[in-house]
Amino acid sequence: REGRPEVVIVDYSSPNVAKNMTLAHLRSTIIGDSLIKLQHAAGNIPFGINHIGDWGTQFGNIIYQYNKEMAERGEEFLAELNDDPTATLLRIYRDFNAATKDNQNPEAVAAAQDIFLRLEQGDAELVELWNQFRGWSLRDFGPSYERLGIEFGAIQGESFYEDKMEDTVADAVARGVLHINEDGAVVLPSQPLTEPVTGYTNDKLMLNQKGEPRDEIIVKPTGGTVYLTRDLAAVRYRSQELGADRVLYVIGKEQKVHCLELFAMAEQLGYFALGNAVHISFGHLNVDGRKMKSREGKVVLLDEILDEVVEAAEQSIVSRDTEGEIPDTERRALAKQVGTSALVFNDLRQDRQNDIEFNPDAAKTLEVGGSVYIQYTNTRLRRVIEKGGEAGPLTTVPEVLTADEKLIISEIARFPLVITEAAKTNSPHKIAGYLTQFCRTVNSFYHDTPILNAETDAERNFRLNLVSAAAQVVANASDILHVDLPERM
Ligand code: ARG
């Protein structure tokens, strides 16, 4: 890269405590992880943060309902909690919402708000309860991340900013970016918002449904904070304390206005110039027609999806292994690699803005364009290297190269440019497109060119060098896309 490496923070995954990890969180996890690898490949210093939703009024609601059920059916409730803590939290959260919707039960809503306010003020008993809830959810999310092979630089959820908001807000008010209304609320005044990537300024985003100016509440008249307050404190922290040059927010497209409001404040306060805080927006993942247990209140859905695609991979392996030669443990390990990679690659190969379909069959097909095709190409290259031994130093290059050989060389030379371009536009699908095309070229070469049986030693050695360089490129590109490469398949 030119110039000094940039510190790039990737804010991704970020599920909510005491709620489901949704398909949007799954996509955020997959895309964010790839962006981290991509930034690294581009010569930058990425740092991934899981901004979990572990703070906010919903904790007032949950604690309110928790206290109510403890009072009404203590023993029984405790047994339910013991049995499945997070599912129970989710249930009581839903019950609270059902009991208070359409303005029924305003007293309960007020009481819950009061609970959150006291939680924000540090009430020891409430903090302890909250901490317990948070721990349960983190324990639930952990194994799913492990299955996907995801590790975060930090888990700094919304609660991390509780002690940083007051100062941040006061500073923004003092500098005229936020205003204090008559009722005491602190707001971001209605204004046109600019999309950092396109530079397009939209003057309709901060209008209400009647088309009138709509201020965004940053601190409620009661002093209570909101989601955006915590993001404001976080963006300042990332600029000033973490020294980030850029920050990428991997969040579904529904939160566009939230992001643009945040970026406008960050720009006006000098934290990040416009374009250095970016919304990495993405479309929906559809699993329609499936019966998901998570819809019925199971908290972790990632497991369900992974189970299905790994199962598809295993079926495919069994159907090809007609002689039953592959031992059980090996088959299961292979199915895990093939299935997980198929899930991830099916996402990353498509432009992230698109809505995509969950497709477990991606783990079964060898067709060009899928992850199995890439994995298969890699095993071919590995076998050649295994049989041919280490390539010698490349002292001579044959005078005449085949078209495939020339193509492989020029595509290898193009790889760094593809990385730069993909990193600049935060588009893992550009790496996926490149890798697929590269594998086609490699397969054509493999099919048409004698490698170990080449006519001359010089040709043999040259081609062996080419194979090992190609294998390196396949491995590097696969790593960016989270495609695991089995030794054999
Ligand atoms: N917890 C949020 C949600 O589930 C996503 C948080 C994204 N990150 C952020 N800095 N706002 O919708």
Side-chain angles (χ1 to χ4, degrees), residues 8-33 35-36 46-59 61-62 86 89-90 93-94 97 116 130 133-134 137-138 140-141 144-145 150 152-162 164-165 168 188 193 196 216-218 225-239 241-242 244 246-266 269 271-272 276-285 294 299-302 352 426:
V8 182
I9 287 182
V10 180
D11 175 315
Y12 72 124
S13 193
S14 313
N16 299 315
V17 165
K19 287 201 211 165
N20 279 329
M21 186 184 280
T22 66
L23 294 165
H25 299 123
L26 173 59
R27 282 207 80 187
S28 174
T29 308
I30 290 173
I31 296 167
D33 181 62
L35 291 179
I36 289 172
F47 186 71
I49 298 180
N50 190 348
H51 186 85
I52 56 169
D54 61 356
W55 206 240
T57 34
Q58 70 269 30
F59 288 95
N61 304 352
I62 294 166
T86 45
L89 288 187
L90 187 64
Y93 180 65
R94 287 180 173 168
N97 286 341
F116 179 59
W130 163 81
F133 296 167
R134 182 177 187 274
S137 284
L138 286 182
D140 262 10
F141 298 147
S144 307
Y145 289 136
I150 304 282
F152 296 97
I155 297 185
Q156 285 171 349
E158 294 183 41
S159 67
F160 180 75
Y161 302 98
E162 171 56 28
K164 302 173 180 63
M165 287 188 279
T168 306
L188 172 69
L193 298 173
E216 190 68 78
I217 298 228
I218 304 292
T225 62
V226 297
Y227 179 46
L228 190 52
T229 330
R230 291 174 295 269
D231 257 323
L232 179 59
V235 80
R236 182 199 204 199
Y237 181 82
R238 290 165 184 180
S239 164
E241 305 299 323
L242 300 183
R246 263 186 304 144
V247 49
L248 310 179
Y249 291 86
V250 192
I251 319 181
K253 58 186 173 190
E254 292 76 12
Q255 294 188 34
K256 171 176 150 178
V257 175
H258 172 83
C259 287
L260 295 186
E261 288 174 350
L262 176 64
F263 302 161
M265 293 188 283
L269 291 162
Y271 304 152
F272 290 99
N276 284 341
V278 189
H279 179 196
I280 309 297
S281 152
F282 53 83
H284 292 270
L285 170 62
S294 34
V299 179
V300 176
L301 121 166
L302 213 135
R352 61 180 156 77
N426 302 301

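Index from 1, following the sequence. Counting starts at 1 for both ligands and their atoms, following the listed order.
- Taking the ring centroids of Phe160 and Trp55, they lie at or beyond the 6.0 Å cut-off.
- Not a single salt bridge (charged side-chain N to carboxylate O under 4.0 Å, His left out) links Glu162 to another residue, sequence neighbours left out.
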If you apply the rule side-chain hydrogen bond (donor to acceptor under 3.5 Å, both in side chains), what do you find for Asn276 with Tyr271, and how did you get there? CA-CA 9 Å; Asn276 284 341; Tyr271 304 152; over 6 Å; no
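- Residues passing the side chain to side chain contact (heavy atoms under 4.5 Å, CB included) test with Ser28, sequence neighbours excluded: Tyr12, Val250, Phe282.
- In this structure, a donor-acceptor pair under 3.5 Å is absent between the side chains of Tyr249 and Asp231.
- Using a heavy-atom distance under 4.0 Å as the criterion, the protein contacts of ligand 1 are Asp11, Ser14, Asn16, His25, His51, Tyr227, Asp231, Tyr249, Ile251, Gln255.
- Taking the side chain to side chain contact (heavy atoms under 4.5 Å, CB included) definition, one finds that Lys256 meets it with Glu195, Leu205, Leu260, His279, sequence neighbours left out.
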